[in-house]
Asker: 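One structure follows; several queries about it will come next.
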Amino acid sequence: MQQTISARDASQKLLAWYDRHHRDLPWRVSPPMAKAGVTADPYHVWLSEVMLQQTTVQAVKPYFHKFLSLWPRVSNLAAADTEEVMKAWAGLGYYARARNLKKCAEVVAREHGGIFPDSEDGLKALPGIGDYTAAAIAAIAFNRRSAVLDGNVERVISRLDRIETPLPAARTQMRARVGEMTPAGRPGDFAQGMMDLGATICTPKRPACALCPLNHGCLAFRAGDQEDFPKKPVKKARPLRVGAAFVASRADGAVYLRKRAEDGLLGGMTEVPGTAWTARKDGGITLDARPFEGDWEDCGTISHVFTHFELRLSVYRAEVCARNDSANGWWEPLASLEAQALPTVMKKAIARALPHAFSSAISPSVNEGTPE
DNA sequence: AAGACGTGGGC
DNA sequence: TGCCCAAGTCT
């Protein structure tokens with residue numbers, strides 16, 4: 001059994017590294033001010049943490065600014081139209097986060113007087129806030145000594161202690177270790193420092209161990225097998241589903257849209273009419289789901305990868321002279337298409353049928369299919 | 001408690 | 001090209 005680094009030693013080295021190498025991020029109060037007692041705005045911390053769930057910093061930045069511009073305070077978000085929130089979130093993915101974000105804002109505004117709870121338990125009771133986010137907000141915005149454990153920290157800890165237990169079973173052990181390392185003085189900086197270390201030095205591939213402030217005490221580094229940690233379960237294959245999408249346009253350029261169910265995949269988002277997405281690709285695509293009678297032209301296919309399946313969508317286009325809406329959809333003018341709550345897969349389908357629909361030309365890079 | 005739940009970027 | 005990955009939560 002090798003010697004592991006002491007919690008206090010690791011904690012001090014990490015904070016010293018963070019003081020010199022921290023990232024400057026829009027939602028963050030950097031060390032000099034943080035050490036002077038300035039804490040970040042809980043609304044900003046919460047908003048950024050929810051956006052950052054399973055999402056990269058680069059992807060989050062523009063959305064963070066857009067949300068703050070649209071809704072400067074949590075009370076404004078609480079009073080907003082949910083549809084507007086979904087439009088603003090479109091493209092970020094994991095849309096349940098947006099639905100829960102809105103619900104959480106309403107609870108904070110209505111039940112907490114617009115002030116976020118300052119305890120881990122109080123925060124965790126809110127929609128969309130789980131173990132990680134509750135601890136992060138408590139530590140960063142309220143200076144609570146909470147053990148923050150996310151993917152970055154898991155990677156750092158698993159290598160530091162060379163933990164052979166695979167995730168997620170190893171989390172109990174990891175949480176305990178982070179708990180003893182978290183300093184009472186600067187819990188927020190420590191949490192952010194661990195995440196910065198994981199994001200910039202202790203990376204999944206080819207970590208820069210030579211630059212790591214904890215390398216001397218890192219058991220995996222000493223053994224030379226740091227890339228083998230953390231141990232993860234084997235992932236399942238991603239099945240293929242197929243379906244059809246129907247892009248109906250009007251003479252004036254308007255496109256026919258409808259709203260998806262509130263729950264489940266892309267819940268509460270906007271779509272073009274289409275078939276269900278089924279597991280098999282034989283049997284042909286039925287055109288029963290087309291919203292209007294008309295001369296439907298085959299535009300080929302698009303592919304889109306979701307977390308648990310891949311979708312191959314046959315896209316059809318028709319110009320229809322429809323004076324009345326069928327079902328529950330509406331005609332959206334071409335000019336305002338971009339601002340709708342359209343998930344990326346739907347923008348791809350529309351761009352396939354109407355190449356000029358979006359100004360910022362989403363390059364249909366995944367459109368291997370040609371009309372047959 | 002394992003599966004559902006998006007997207008874009010890196011290699 | 002295809003696989004892996006990114007500050008998780010909910011059921």
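Numbers restart at 1 for each chain; the letters A, B, ... are given by sequence-line order, proteins then strands.
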Asker: If the C1' atom of B:dG6 is compared with that of C:dC5, how far apart are they to the nearest Å?
Answerer: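 Roughly 13 Å separates the two C1' atoms.
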Asker: Return the value, rounded to whole Å, for the distance between atom NZ of A:Lys232 and atom C1' of C:dG8.
Answerer: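 Atom NZ in A:Lys232 sits about 13 Å away from atom C1' in C:dG8.
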Asker: Determine whether A:Leu211 and A:His21 satisfy the following criterion, side chain to side chain contact (heavy atoms under 4.5 Å, CB included), listing intermediate values before the conclusion.
Answerer: CA-CA 11 Å; A:Leu211 304 178; A:His21 301 288; over 6 Å; no
Asker: Please tell me which of A:Lys236 and A:Leu342 maps to the more 5' nucleotide of DNA chain B, matching each residue to the nucleotide holding its nearest heavy atom.
Answerer: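 In this pair, the answer is A:Lys236.
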Asker: Would you classify A:Val57 as touching base, sugar-phosphate or nothing, given that sugar-phosphate means primed atoms plus P, OP1 and OP2, and contacts are heavy atoms under 4.0 Å?
Answerer: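 The residue A:Val57 makes base contact.
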Asker: What's A:Arg28 touching, base or sugar-phosphate or nothing? Going by heavy atoms closer than 4.0 Å.
Answerer: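 Base, at least one base heavy atom under 4.0 Å.
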Asker: To the nearest 0.5 angstrom, please state how far the OG atom of A:Ser11 sits from the CE atom of A:Met181.
Answerer: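 One gets 6.5 Å once the value is rounded to the nearest 0.5 Å.
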Asker: Counting the atoms with a prime plus P, OP1 and OP2 as sugar-phosphate, which does A:Leu101 contact under 4.0 Å by heavy atoms, base, sugar-phosphate, or nothing?
Answerer: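 Counting heavy atoms under 4.0 Å across all strands, no contact is made by A:Leu101.
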Asker: Between CG of A:Leu15 and CE of A:Met194, what distance do you get to the nearest 0.5 Å?
Answerer: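 So the gap between those two atoms works out to 10.5 Å.
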Asker: Figure out the NZ/C1' separation between A:Lys235 and C:dG2, and round it to whole Å.
Answerer: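 Going from A:Lys235 (NZ) to C:dG2 (C1'), I get 13 Å.
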Asker: Regarding A:Glu120 and A:Ser146, do their side chains bring together a donor and an acceptor under 3.5 Å, going by distance alone?
Answerer: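 A donor-acceptor contact under 3.5 Å links the two side chains.
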Asker: ring-ring contact (aromatic ring centres under 6.0 Å, His included) with A:Trp27: which of A:Phe67, A:Tyr43, A:Trp46, A:Phe64?
Answerer: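 With A:Trp27 as partner, A:Phe67, A:Tyr43, A:Trp46, A:Phe64 yield a single ring-ring contact (aromatic ring centres under 6.0 Å, His included), made by A:Phe64.
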Asker: Here's a test of your reading of the structure: between A:Pro168 and A:Gly267, which maps to the more 5' nucleotide of DNA chain B?
Answerer: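 This one resolves to A:Pro168.
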Asker: Calculate the interatomic distance between A:Arg23 atom CZ and C:dA6 atom P; express it in whole Å.
Answerer: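 In whole Å, C:dA6 P lies 12 Å from A:Arg23 CZ.
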Asker: Please produce a list of atom pairs where a protein N or O lies less than 3.5 Å from an N or O of nucleotides 9-11 of chain C.
Answerer:
residue : atom : partner  : partner atom : Å
C:dT9   : OP1  : A:Gly130 : N            : 2.9
C:dT9   : OP1  : A:Thr133 : N            : 3.0
C:dT9   : OP1  : A:Thr133 : OG1          : 2.6
C:dT9   : OP2  : A:Asp131 : N            : 3.4
C:dT9   : OP2  : A:Tyr132 : N            : 3.2
C:dC10  : OP1  : A:Gly128 : N            : 2.6

Asker: For the pair A:Phe246 and A:Tyr316, name the ring-plane relationship: parallel under 30°, tilted 30 to 60°, perpendicular over 60°.
Answerer: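 It falls in the parallel class, under 30°.
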Asker: Kindly indicate whether a cation-pi arrangement holds for A:Lys61 with A:Tyr63, taking the cut-offs as under 6.0 Å to the six-membered ring centre and within 45° of the axis.
Answerer: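 Not satisfied by the 6.0 Å and 45° rule.
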Asker: Figure out the CD/C1' separation between A:Glu227 and C:dC5, and round it to whole Å.
Answerer: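 Roughly 13 Å, once rounded to whole Å.
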Asker: If you round to the nearest 0.5 Å, how far is CZ of A:Phe306 from NE2 of A:His308?
Answerer: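 That separation rounds to 8.5 Å.
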Asker: So, A:Glu84 and A:Lys87, do they make that salt bridge, N to O below 4.0 Å?
Answerer: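 Yes.
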Asker: Let's go through A:Arg171 and A:Asp131 carefully: what are the C-alpha distance in whole Å and the side-chain angles of both, what is the deciding distance for salt bridge (charged side-chain N to carboxylate O under 4.0 Å, His left out) to 0.1 Å, and is it a yes or a no?
Answerer: CA-CA 11 Å; A:Arg171 290 213 177 99; A:Asp131 289 336; over 6 Å; no
Asker: What residues in residues 80-98 of chain A put a non-hydrogen atom under 4.0 Å from any atom of DNA chain B?
Answerer: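 DNA chain B contact set from residues 80-98 of chain A: A:Gly91, A:Leu92, A:Gly93, A:Tyr94, A:Tyr95.
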Asker: With sugar-phosphate meaning primed atoms plus P, OP1 and OP2, does A:Gly264 contact a base, only sugar-phosphate, or nothing at under 4.0 Å between heavy atoms?
Answerer: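 The residue A:Gly264 makes sugar-phosphate contact but no base contact.
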Asker: Name the one of A:Arg222, A:Arg177, A:Arg155 that satisfies salt bridge (Lys or Arg N to Asp or Glu O under 4.0 Å) with A:Asp161?
Answerer: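 Single pass found, and it is A:Arg177.
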Asker: For A:Lys205 and C:dC5, is the shortest distance between a side-chain N/O and OP1 or OP2 below 4.0 Å?
Answerer: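 A:Lys205 to C:dC5 OP1/OP2: no side-chain N or O under 4.0 Å.
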Asker: For A:Arg162, is there an ion pair with A:Asp225 - N to carboxylate O distance below 4.0 angstrom?
Answerer: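 Yes, A:Asp225 and A:Arg162 are salt-bridged.
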Asker: Reading DNA chain B from 5' to 3', where do the contacts with chain A start and stop? Cut-off is 4.0 Å to heavy atoms.
Answerer: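 For DNA chain B, the relevant span reads B:dA4 to B:dG8.
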Asker: What contact category does A:Arg155 fall into here, base, sugar-phosphate, or nothing, at under 4.0 angstrom with non-hydrogen atoms?
Answerer: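 The answer is sugar-phosphate, as A:Arg155 gets under 4.0 Å only of primed atoms, P, OP1 or OP2.
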Asker: Heavy atoms only, 4.0 Å cut-off, all strands: where does A:Val305 land among base, sugar-phosphate and nothing?
Answerer: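 Base, at least one base heavy atom under 4.0 Å.
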